[in-house]
Amino acid sequence: QVQLVESGGGLVQPGGSLRLSCAASGSIFSINAMGWYRQAPGKQRELVATITSGGYTNYGDSVKGRFTVSRDNAKNTVYLQMNSLKPEDTAVYFCNSRISVYSGATREYNYWGQGTQVTVSS
């Protein structure tokens, strides 16, 4: 059993910053890509940022230059530093990770966290 637990969401004023964290735990053989997606009311879930085990990053166009994704492999944790926040960044942010587990054989699965609310408003 693998779990992703997010923290760090909340209410922030436009122009402010927040840092999200997501820790993976459980019967983990290895963690491949980790990242963040978001979903605003009435909209589809969209890519925010991802990072591979080797540190290669990918960002959604709307957050490039403002958000930074990083990870601590020793802690099985991915972070999202969000700066210069805008009202349109308001959404539920979901942690996502491709994790390999071993149960007789190694298989990779796609896991999601429960989501954390980020609200940008004055």
Side-chain angles (χ1 to χ4, degrees):
Q1 192 79 350
V2 172
Q3 285 189 322
L4 300 180
V5 179
E6 300 129 330
S7 60
L11 173 65
V12 63
Q13 291 187 341
S17 298
L18 278 177
R19 188 190 195 212
L20 305 183
S21 300
C22 172
S25 62
S27 302
I28 297 169
F29 180 79
S30 64
I31 298 179
N32 308 314
M34 301 186 82
W36 297 90
Y37 291 74
R38 68 185 182 187
Q39 188 166 18
K43 295 188 177 181
Q44 289 189 334
R45 191 171 297 189
E46 65 173 359
L47 167 72
V48 177
T50 60
I51 182 167
T52 67
S53 57
Y56 176 81
T57 58
N58 183 43
Y59 294 92
D61 288 341
S62 62
V63 306
K64 285 180 181 176
R66 300 187 298 122
F67 291 10
T68 302
V69 63
S70 61
R71 63 190 280 175
D72 184 332
N73 291 329
K75 295 182 179 180
N76 292 341
T77 299
V78 63
Y79 305 96
L80 184 68
Q81 178 66 45
M82 304 184 292
N83 298 328
S84 302
L85 282 159
K86 305 174 181 180
E88 51 264 43
D89 294 316
T90 296
V92 178
Y93 284 69
F94 295 92
C95 177
N96 173 263
S97 183
R98 297 203 311 272
I99 297 175
S100 293
V101 299
Y102 182 81
S103 179
T106 301
R107 295 187 63 179
E108 184 180 271
Y109 296 91
N110 194 40
Y111 292 93
W112 291 92
Q114 79 283 0
T116 185
Q117 177 70 46
V118 171
T119 302
V120 185
S121 175
S122 55

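Small disclaimer: the values here were computed from a predicted structure and weren't measured.
- Closest of all the heavy-atom pairs between F94 and G113 is CD2-O, 3.7 Å.
- Atom-to-atom distance recorded for N96:CG and L4:CG is 7.5 Å, nearest 0.5 angstrom.
- When all heavy atoms are compared, the tightest approach of V101 to S27 is CG1-O, 3.2 Å.
- Contact between R66 and D89 at its shortest, heavy atoms only, is NH1-OD2, 2.8 Å.
- Remark: the backbone N or O of G115 is paired with a side-chain donor or acceptor of E6 at under 3.5 angstrom.
- At a threshold of 4.5 Å between side-chain heavy atoms, the hydrophobic network of Ile, Leu, Val, Met, Phe, Trp and Tyr places V118 and V48 in one connected group.
- By the 6.0 Å contact criterion, CD on Q3 is open, its count of non-hydrogen atoms from other residues, nucleotides or ligands being 12 or less.
- Closest non-hydrogen pair, S53 versus I31, comes out as CB-O, 3.8 Å.
- In this structure, L47 is not a member of the same hydrophobic cluster as W36, with clusters built from ILVMFWY side-chain heavy atoms closer than 4.5 Å.
- Pairing each heavy atom of S121 with each of P14, the nearest pair is C-CD, 3.6 Å.
- When atom types are taken as modelled, the side chain of Q117 and the backbone of G9 share no donor-acceptor pair closer than 3.5 angstrom.
- Residues K75 and T77 share a closest heavy-atom pair of O-OG1, 2.8 Å.
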Exercise. Checking side chain to side chain contact (heavy atoms under 4.5 Å, CB included) for the pair V2/Y109: CA distance, chi angles, key distance, verdict?
Worked result: CA-CA 10 Å; V2 172; Y109 296 91; over 6 Å; no

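- Between K64 and D61, at least one side-chain N (NZ, or NE/NH1/NH2) sits under 4.0 Å from a carboxylate O, which counts as a salt bridge.
- The OG1 atom of T68 lies 11.0 Å from the CE atom of M82; values are rounded to the nearest 0.5 Å.
- Put simply, the side chain of R45 reaches to within 4.5 Å of the side chain of W112, judged on heavy atoms.
- Annotation: side chain of T50 is not in contact with side chain of V69 (no heavy-atom distance under 4.5 Å).
- Under a 3.5 Å cut-off, the side chain of R98 and the backbone N or O of N32 do not form any donor-acceptor pair.
- L18 places none of its side-chain heavy atoms less than 4.5 Å from the side chain of Y93.
- Between the S97 side chain and the I99 main chain, no donor and acceptor come within less than 3.5 Å of each other.
- Counting heavy atoms from C-beta outward, V78 and I51 have side chains that approach closer than 4.5 Å.
- When only modelled atom types and interatomic distance are considered, S62 and R38 share a side-chain donor-acceptor pair under 3.5 Å.
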Problem set entry | Candidate pair Y79 and D72, rule side chain to side chain contact (heavy atoms under 4.5 Å, CB included), full reasoning | CA-CA 8 Å; Y79 305 96; D72 184 332; 4.1 Å; yes

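- Atom-to-atom distance recorded for L80:CG and M34:CE is 12.0 Å, nearest 0.5 angstrom.
- The closest donor-acceptor contact from the side chain of T90 to the backbone of V120 lies under 3.5 Å.
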For this session: Could you go through the side chain to side chain contact (heavy atoms under 4.5 Å, CB included) check for Y37 and V92 one step at a time?
Result: CA-CA 8 Å; Y37 291 74; V92 178; over 6 Å; no

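- In this structure, R71 contributes its side chain and G54 its backbone to no donor-acceptor pair below 3.5 Å.
- Counting heavy-atom neighbours within 6.0 Å of Q44 CD, excluding the residue itself, gives a total of 12 or less.
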For this session: Decide side chain to side chain contact (heavy atoms under 4.5 Å, CB included) for V12 and S17; before the verdict, give the C-alpha distance in whole Å, the side-chain angles of both, and the deciding distance to 0.1 Å.
Result: CA-CA 7 Å; V12 63; S17 298; over 6 Å; no

